[in-house]
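Please read the structure below before turning to the comments.
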Amino acid sequence: MPDAAPADRLESLLDGLNEPQRAAVVHGEGPLLVLAGAGSGKTRVLVHRIAFLIRTGQARPGEILAITFTNKAAQEMRERVGMLLGHSTRAMWVMTFHAACVRILRSEAPRLGYTRQFTIYDTSDSRRLVKRCLDELDVDSKRFTPAAVLNQISDAKNKLRDPDAYRQLVGGYYEQTIADVYERYQAQLHSMNAMDFDDLLNNVVNVLQLFPEVRARYQATFRHILVDEYQDTNHAQYRLLQLLAGDDPSLPRNLMVVGDDGQSVYSFRGADISNILNFQDDYQDAVTVKLEQNYRSNQTILSAANAIIAHNRAQIPKTLWTDQGEGDPIVVRELEDEHAEGRYVVGEIERLVEEGVSRSEIAIFYRTNAQSRVMEDTLVRREIAYQVIGGTKFYERAEIKDAVSYLTILGNGQDVVSFTRVVNSPRRGIGQTSLSRVISHAQTMGIPIWEAAEDPLGVPGLGSAAVKSLGRFMDTMNNLRARMDEGVPVGDLLEAVLHETGYLDALENERSIEAQGRIENLQELVEVAREFDHATAEDPELEDTVDVFLQQISLVADADTREDDTGMVTLMTLHNAKGLEYPIVYLIGCEEGVFPHSRSIEEGTLEEERRLMYVGITRAMRSLTISHARRRAVFGGAPNYGLPSRFLAELPTDLVDRQGTASGWGAATVAAGAPRPRAMSSWSSGGGGGGRSASAWDEGQQAAPSFRMGDDVVHAAFGDGVVTGVEGGGVVVVRFASDGSERKLMADYAPITKK
DNA sequence: CGTAAATGTTTTTTT
DNA sequence: AACATTTACG
């Protein structure tokens, strides 16, 4: 096809786009900010723009870098561009930040003192290493939990602060201790030729900053950079883009970012919403395009979403609208407990399926992964096919991590974390003591752990049984390594590992259903490896295939395993739901303390929780049902009495069909003298006590009476009680006469009145 | 050194 | 409730 594309073919790339979408697609050189409300077709814009750039000859495929949030999104985007263009998209870089960084580091890591075979640590590997550092530094592991310390370290890394910079920026004993751990952790990672997730970004930033010629090369390569979900980028990613796009204003800086400040929900992992808010200041010549027409949901759902987000301060003003119709009201349903909630949702799903709805059109969202269990139990019992996204991920299962660690240590003999994982799995009689001796010997001698283990007699203090066992183990490993070096396919190598190390035998001897499941998981991993072999077979130049395989799977997220149109109901957290859409959505567990999560309430990050609610609502295309339970078991322990989420009170009452509200609430509110009762009809009563007045939701806070110690009170459900304490934040402690229990209640919301 | 019981910890969200 | 880690004992 010649460069000069016929006008009609260009026109076809713009077909069906609205005005602002079209403007974004045809935008020429220079920075571009696309503020894209939920469901406004931002992926479509990205896909069409990439195709347009190529079709008009503004860029060749190899000059495009398109960053997406998940691997799956990348794959979909690549496919859609391919369909538009009708030719190969292989040369394009369409991937996540992390995948792009790995690819760059495969070439550039040696400049930073790593080999190309560097190992990538996931969070649990990193946590183990932090724990080792804590132990070695004799830090009180009660006050410094590995997870908390790792969070601090990760936070620092997201802000591009190395251990020195971190130390200088923070004061206090606690932070100084963390600086010590950070320093040691980083040194050990490097000495083990390993990087954690944050290092992938930071090391690319380092390479680009330290080596101007490398920077120039990548800047020249990526003539057009496009970034999706820009509101969830962190500082390291921000800096990375700056380096790749070129921070010299005289250069074209063809950086297009797409995002929605209203959907920023990852600040806990360092995402910085100011990246998108300040884009105009950072790139003064930036053109801004706003996408506000929504193609996904009906007006009821959009109005609800708009109303929710309006409760946040500091938004870039946006109002979603649609030319679709009103749609049904949003159902808000109260249930007795989480089991009733499960039965209700599954019952509704059964009804829909009977009416001919496909299960794959239905999704269930929740705030925390733990909430999926009850839903799963109910779905299994009613024999409804479902898939869960998130939670325990495939690559985090113990047996998978073991197998992966075996492959890792074959390629990277310095990786102490992997060595530790596999040396006594299955049992070989090499316990904590022997292992510690080998590790400290390796550290003293400054040699890789592999070398130390190869010569067990050279390890001081090692018992004779351990020497023998370790020797046999290393014979097996050396044998396997030799075969890897011969270039045996990864799938075959993995199979050999599982057999010859005795790993599979040990599982088979367990003869439990659990072990059988693990064996099946391992078979699946072998399949994944064989697919990889198959896909790379035509690339004879590829070296270190095992390491490439490992680096590739270490970046697979659970969100990438989602399957569409397979006749299954989909369950996931609200975070995982971002970017997706479903005709029918159930949002469960909308209670104070669950959603918004209690920690968000404590930490005062309610606006982010509200954005999460906004994300949840805007996933729904035509039907949205929100449920909350009156009580819910936490930690499998005592039931927790939760009040309806404050976000429910923010939904306009005329958009809502409230169902199942139990008796008592309305009565208590009336007794408290709530003003202006209205729209009672929209709150259909659930049999018994009559619906709660709408106004109580809107005005509840100001109508609340104040309580003092010793006040006699009546609770709609628990009966007579006495106030035994008043805490901050409108919380009162009440001891109830009926069962002698003491409960903390929120005076503003709880159905209690003074006697 | 390995096992089993006891104890502790976890539930925010994830590339 | 489920899981990881520590402790006690054989």
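The chains referred to below are lettered A, B, ... by the order of the sequence lines, with proteins before strands, and numbering in each begins at 1. No experiment lies behind these values; they were computed from the predicted model shown.
- Atom P of nucleotide dT15(B) and atom CG of Asp198(A) are separated by 13 Å, given to the nearest angstrom.
- If you take CG of Asp377(A) and C1' of dA1(C), they are 11 Å apart, rounded to a whole angstrom.
- Of the possible polar contacts, one joining the Arg611(A) side chain to the Ser264(A) backbone as a donor-acceptor pair under 3.5 Å is found.
- Residues Gly431(A) and Thr573(A) both approach DNA chain B. Their nearest nucleotides, taken by heavy-atom distance, put Gly431(A) toward the 5′ side.
- Within 4.0 Å of Ser598(A), counting heavy atoms only, lies no atom of the nucleic acid at all.
- Atom CD1 of Ile389(A) is separated from atom C1' of dT13(B) by 16 Å (rounded to the nearest Å).
- One atom, CG of Asn151(A), and another, C1' of dT15(B), lie 14 Å apart when rounded to the nearest Å.
- Looking at Tyr386(A) and Ser372(A), their side chains never come closer than 4.5 Å, going by heavy atoms from C-beta outward.
- Within the 4.5 Å cutoff, no side-chain heavy atoms of Ile120(A) are placed close to those of His98(A).
- Comparing dT15(B), dT13(B), dC1(B) by their closest approach to the side chain of Asn369(A) singles out dT13(B).
- Within the 3.5 Å criterion, the main-chain N or O of Thr368(A) finds a donor-acceptor partner in the side chain of Gln371(A).
- Rounded to an integer number of Å, the gap from CG of Leu200(A) to P of dT14(B) is 19 Å.
- Checking dT15(B), dT11(B), dC1(B) against every side-chain atom of Ala370(A), the shortest atom distance belongs to dT11(B).
- Within 4.0 Å of Asn576(A), counting heavy atoms only, lie sugar-phosphate atoms of the nucleic acid but no base atom.
- Counting only heavy atoms from C-beta on, His98(A) has its side chain closest to dT15(B) among dT11(B), dT3(B), dT15(B).
- Within 4.0 Å (heavy atoms only), Asn234(A) reaches no atom of the nucleic acid at all.
- Side chain of Lys393(A), nearest nucleotide from dT11(B), dG2(B), dT14(B): dT14(B).
- The aromatic rings of Phe268(A) and Tyr266(A) sit tilted, their planes meeting at an angle between 30° and 60°.
- Nearest to the side chain of Thr433(A), among dT14(B), dC1(B), dT15(B), sits dC1(B).
- Considering only side-chain N and O atoms, Asn158(A) lies nowhere under 4.0 angstrom from the phosphate OP1 or OP2 of dT15(B).
- Here the nucleotide nearest the side chain of Phe268(A), chosen from dT13(B), dT3(B), dT11(B), is dT13(B).
- Within the 4.0 angstrom heavy-atom criterion, only backbone atoms of the sugar-phosphate kind lie near Tyr266(A); the bases stay farther away.
- A distance of 6.0 Å or more separates the ring centres of Tyr366(A) and Phe595(A).
- Take the nearest nucleotide of DNA chain B for His597(A) and for Arg428(A): the residue whose nucleotide is more 5' is Arg428(A).
- Rounded to whole Å, the distance from CD on Glu608(A) to C1' on dT13(B) is 8 Å.
- Residue Glu396(A) is classed as having no contact, given no heavy-atom separation below 4.0 Å to the nucleic acid.
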Which atom pairs link the protein and nucleotides 3-10 of chain C when you take only N or O atoms and keep those under 3.5 Å?
none

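- For Asn275(A) and Thr233(A), the side-chain atoms include at least one donor-acceptor pair closer than 3.5 Å.
- Counting heavy atoms from C-beta on, the side chains of Arg472(A) and Arg428(A) never come closer than 4.5 Å.
- Rounded to a whole Å, the CD atom of Glu376(A) is 17 Å from the P atom of dA1(C).
- Rounded to whole Å, the P atom of dT13(B) lies 16 Å from the corresponding atom of dA4(C).
- Summarising the geometry, the separation between CZ on Phe365(A) and C1' on dT14(B) is reported as 17 Å, rounded to the nearest angstrom.
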